[in-house]
Amino acid sequence: MLKVQNLSFKYEKDAVLEHISFEAKQGEHVAIIGESGSGKSTLLKLLYGEYDLDEGRIFWKDQEILGPKFNLVVGYDFMKYVAQEFDLMPYTSVEENISKHLSRFFPKEAQQRVNDLIQVVELEAFAQTKVKKLSGGQKQRVALARALAKQPEILLLDEPFSHIDNFKKQSLRRKVFRYLKEHNITCIVATHSKEDVLGFADRMLVLHNHTILANKPPKDLFETPESHLIAAFFGEFNIIDNNIVYAHQLKVVAESKIQATVKASYYKCRFYLIEAILNGESVFFEHNTSLKKEATIYLEVEK
Ligand code: ADP
Ligand code: MG
């Protein structure tokens with residue numbers, strides 16, 4: 001399993017990560033979330049051994065992950081990393097990019113693996129296409145398939161679906177994450193999308209202020225958000241009597257002590273998100289119709 005012990009790191013003067021400790025079991029799926037600049041990509045790069053730590057140690061099973069000072073060739077066979085900026089071989093085909101590192105396999109076996117992976121990332125129609133001609137999202141899918149080609153024990157993914165359009169994203173995400181579970185591959189995903197987390201991640205690690213703010217299953221964090229940052233990750237929320245109240249927990253009633261004035265209604269497919277003014281501040285709740293601007297309404301927090 002992956003063990004991160006008291007890791008601290010800075011690029012220059014300012015600390016990026018301080019005293020980070022966590023573990024991930026074989027086959028476990030851990031999502032790393034946090035605001036832009038919170039250090040998600042940096043943490044993945046450190047796990048990969050791209051930089052030397054200022055403090056702390058990282059282990060995969062009994063193998064210590066060492067930075068460039070102690071390990072001349074960055075990276076290990078059991079670990080693959082798909083960066084936010086993926087680099088492929090532009091003038092060779094999708095197939096060749098994926099199969100590049102498969103020389104130790106027999107040709108027939110290698111071809112079968114490449115075909116399987118091309119299916120996982122839904123690029124059947126582009127197998128022979130030169131990577132140069134692909135869109136950003138298609139290149140990202142090639143990079144994913146290439147990382148999986150040699151069956152790593154642990155896979156580090158940085159915003160893996162960020163370049164992929166919404167039409168493809170849902171099915172692709174299911175296929176990739178299912179593939180990882182079926183092959184018992186540990187997966188650490190840096191993301192700002194709750195879609196990458198819900199239904200897939202066993203645990204969600206929240207980075208804030210250089211350190212780990214929370215490390216729990218997504219369901220626990222959704223049901224008991226320990227901070228505004230965590231609540232905001234899941235959706236619109238309000239602070240009422242010092243409590244975090246999600247928009248779906250606030251209901252319109254005939255009469256209550258909470259009186260507000262409707263400001264705007266936003267169509268959200270299965271409901272409208274209503275913005276109303278309560279004591280001079282915006283509150284948000286879900287409602288099955290739009291509401292008239294300036295209408296007076298009464299709200300109640302669902303028990
Ligand atoms: P995230 O992926 O969560 O958006 P990053 O890990 O990319 O965050 O960045 C964390 C912090 O480190 C930011 O303040 C960023 O500006 C800084 N940083 C990232 N890469 C470098 C680098 N190569 N050199 C110096 N500072 C960097
Ligand atoms: Mg990043």
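The figures that follow rest on heavy atoms only: side chains count, while hydrogens, waters and symmetry mates do not. Position 1 is the first residue of the sequence; numbering continues from there. For ligands, and for the atoms within them, numbers begin at 1 and follow the listed sequence. Small disclaimer: the values here were computed from a predicted structure and weren't measured.
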Any idea which protein heavy atom is nearest [atom], and the distance to it?
atom                    : answer
atom 8 (O) of ligand 1  : Gly39 N, 3.2 Å
atom 11 (C) of ligand 1 : Gly37 O, 3.7 Å
atom 23 (N) of ligand 1 : Tyr11 CE2, 3.6 Å

Checklist entry - Which bit of Val16 gets closer than 4.0 Å to ligand 1, counting heavy atoms only: side chain, backbone, both or neither? => result side chain
Checklist entry - Does atom 15 (C) of ligand 1 have a protein heavy-atom neighbour under 4.0 Å away? => result no
Checklist entry - Below 2.8 Å, any N, O or S contact between Ser41 and the Mg ion (ligand 2)? => result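 Yes.
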Next on the checklist: Restricting to N/O/S atoms, is Ser36 within less than 2.8 Å of the Mg ion (ligand 2) or not?
Outcome noted: no
Item to check | Contact with ligand 1 for Glu35, non-hydrogen, under 4.0 angstrom | outcome: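 Yes.
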Item to check | Contact check, Gly34 vs ligand 1, heavy-atom distance below 4.0 Å | outcome: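 No, Gly34 has no heavy atoms under 4.0 Å from ligand 1.
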Checklist entry - What orientation do Phe200 and His29 show, parallel under 30°, tilted 30 to 60°, or perpendicular over 60°? => result parallel
Checklist entry - Between Glu96 and Ser99, is any side-chain donor less than 3.5 angstrom from a side-chain acceptor? => result no
Checklist entry - Does the side chain of Asn184 pick up a donor-acceptor pair with the side chain of Gln26 at under 3.5 Å? => result no
Next on the checklist: Once rounded to the nearest 0.5 Å, what's the spacing between atom NZ of Lys100 and atom NZ of Lys150?
Outcome noted: 10.0 Å
Checklist entry - Do Phe237 and Tyr246 have their ring centres less than 6.0 Å from each other? => result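 Centroid separation for Phe237 and Tyr246: 6.0 Å or greater.
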Item to check | Test of ring centre spacing under 6.0 Å for Tyr272 and Tyr266 | outcome: no
Checklist entry - Judging by distance only, is a nitrogen or oxygen of Ser41 under 3.5 angstrom from one on ligand 1? => result yes
Checklist entry - Is there at least one pair of N or O atoms, one from Lys40 and one from ligand 1, spaced under 3.5 Å apart? => result yes
Checklist entry - Who passes side chain to side chain donor-acceptor pair (under 3.5 Å) against Tyr11, sequence neighbours left out? => result Thr42
Item to check | Atoms of ligand 1, numbered as shown, that sit under 4.0 Å from any heavy atom of Thr42 | outcome: 5 (P), 6 (O), 9 (O), 10 (C)
Next on the checklist: Other residues, nucleotides and ligands only: do more than 12 of their heavy atoms fall within 6.0 Å of NZ on Lys175?
Outcome noted: yes
